[in-house]
Each structure stands twice: as structure tokens, then as C-alpha cells.
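What follows is one structure encoded as C-alpha cells, with my remarks underneath.
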Protein chains: 2
Amino acid sequence: MKRSVSFAAVAAVVVSCLSYAGAGLAYPSEWRSWQHVKSMVIPDKAHGLYGFHHVYVHPKALAAYQKGKGYQEGATLVVPFYEVAEGGGAVSQGALLKVAVMKRDKTATETGGWRYGAFDPAGKALELDAKVGCHTCHEAKKDREFVFSEWAP
Amino acid sequence: MKRSVSFAAVAAVVVSCLSYAGAGLAYPSEWRSWQHVKSMVIPDKAHGLYGFHHVYVHPKALAAYQKGKGYQEGATLVVPFYEVAEGGGAVSQGALLKVAVMKRDKTATETGGWRYGAFDPAGKALELDAKVGCHTCHEAKKDREFVFSEWAP
């Protein structure tokens, strides 16, 4: 359950970014082939984090992700959000809704050395304020270099 | 919803293998790094398919998987089943329960050219009857070379 809450927290943060202004991060269009870490579902459509979420890590960032530290410049994590389809006793993923991104950038001094971004399914950037909408909550995970989710073997 | 049912069906088949005798398939221990395709949750513990499921495809089998045909000898698909953790409005994956496998093998003439296997989290084979417990249901997907699940962009 602790793991659920942590992942919910990081998801909450990336989604909360969507309503703020500012960004400056390119869409990492190749994320679909990156390492899948774990998944989570928030089935309530009224919830701000509604969706079937996955976490993907760029292959070069995987060792740091597994250790929970040591992220190198350019290390990138992605969380796509899909529709939640329920039926026949199963909860499945539907269409892609949006894609949230964290990328290591030492020039992002106000947000712990990470750039935060969010994109629609076509890769178009959504407005956000990385500091207020994203990093403020990620501060809670300073001991893990501001990354909430953890590797699932 | 159609997609949910199809995936539920394939999951049902691989899990139904677990109670039968016979196997003959090595554990593909490197599956965790393969291409993630999609995921599904069956949260009811009383359901035979209980678990948080992912589908992973070996990189060399990905093109065939995306086309729904053309699987080459040795092509392998894996479906790990994890515990379902519910709390705080989220459904998350817990500990790994078991791993189901399909591997292309032209000598498996009684099961459509696929070997079916299932393993515990340590990689120990579980007993199964590939024909009765697995392939009988997969016959319904002959037009997709007996694979139920489909690529999620």
C-alpha cells in the first residue's frame, strides 16, 4: 500500500502540472520503446489523476532509477495516462490521454535539476509551471533525487 | 471494451494452463527488459485470473506482434501476474505471482506451432497441459496466429 501511495503521489504531481504556464521540454517521442517500470490505475473519472498509468524509463537512466540515485544529465522518465476501460471483471487500458515527462537538466536550478513537461497524445506541449505545479511536491523525495516511483522487479 | 475482453481471454487461457501436466519450455529469465505492450487488472481474488497483468514481447517478435502475424521461430511473449494492491483510490501492482509464456516452435504441431509454459516467481516451471489448458482457447485467434492481445500505441 505504501508503494501505491508513493506512485499516486508522483502521478498527482505530474498531472497537477497541466494547468500552469511554462515548459521548455521537447517531447521524447521514442518513449514507447523504453523500459517499463510499473503501472497503476485510478479508475474514478472525477479524480484529478484519472487513468491507467505506466512508468517508462530511458534505458540510460535505468541503473539510476533502480538505485534511486545517480541520475545523469539528460536522464528521462515518462508517465503516459490512458483511458480506463472496465468490463467483464477486468480493468484495461484504453486510448492514450496524455504523457508526463521528467528530464534531468542541471540548469533547472529552481526545480531540483529536473525539467518537467506534459504533452497531448500528438506530442503537443501542455501548459505547466514546473516549480509550482510539479517540483513542490517532488521535494518530498529529495533523498531519491525527487523521483517518487520505485523499480518493480 | 472489445480490447478488454480479448486480453481477458488470452489471460484466461494462459492461467488455465497452470493446473495441467506437461511443459517443455525454458524460463525466459530476461523478459523483464522486453517491450511492454499493455496491461490489465482483474481485482477479484476469487477470479481464476486474479492479478495485475502486463504483456511483454521479445524485441525480435515485436514487428510480428504489431502486424498480428509473421511470428518467427523462437518468437516469445510473456505475461507476468502481480498481486493487486488497492488503496487511496488507486489500484497498483504488488508482488510477482507467476509468469506465463508463449514461444514459437514449429515442432509444437499439436498446439499451432507455439509452446506454452508457466513459471513461479523464481522461474520454476509449473505443471500444465499446453493443448488442453492453453491452445484449445487460443484456436479462436487462428487469424492472428493464435495470439489474443494486440499492440497498444
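Here is how names work: the chains are called A, B, and so on, in the same order as the sequence lines, proteins then strands, and each is numbered from 1.
Across every non-hydrogen atom of B:Gly89 and A:Pro43, the tightest pair is O-CD, 3.6 Å. In plain terms, the two heavy atoms of A:Met40 and B:Ala90 that are nearest each other are SD-CB, 3.8 Å. B:Ser33 and A:Gln35 make their closest contact through CA-OE1, 3.3 Å (heavy atoms, listed as atom of the first residue, atom of the second, distance).
In this structure A:Glu73 satisfies the side-chain contact (heavy atoms from CB on, under 4.5 Å) test together with A:Asp105, A:Lys106, sequence neighbours excluded. Residues that satisfy the side-chain contact (heavy atoms from CB on, under 4.5 Å) test with A:Lys142, not counting sequence neighbours, are A:Phe146. Among residues two or more places apart in sequence or in another chain, the side-chain contact (heavy atoms from CB on, under 4.5 Å) test is passed with A:Lys69 by A:Lys67, A:Glu145.
At a heavy-atom cut-off of under 4.5 Å, chain A is reached by B:Tyr56 from residues 56-64 of chain B, listed in order of number.
Environment of CD in B:Glu83: crowded, with over 12 heavy atoms of neighbouring residues, nucleotides or ligands closer than 6.0 Å. For B:Glu30, the CD atom counts as densely surrounded, since its 6.0 Å shell holds more than 12 non-hydrogen atoms of other residues, nucleotides or ligands.
Between the OG atom in B:Ser92 and the NE2 atom in A:His53 there is a gap of 9.5 Å [rounded to 0.5 Å]. Distance check, rounded to the nearest 0.5 Å: NE2 of B:His54 to NZ of A:Lys38 gives 9.5 Å.
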Output, in order, the C-alpha distance, side-chain angles, deciding distance and verdict of side chain to side chain contact (heavy atoms under 4.5 Å, CB included) for A:Arg32 and B:Trp151.
-> CA-CA 11 Å; A:Arg32 189 64 187 81; B:Trp151 178 248; 3.6 Å; yes
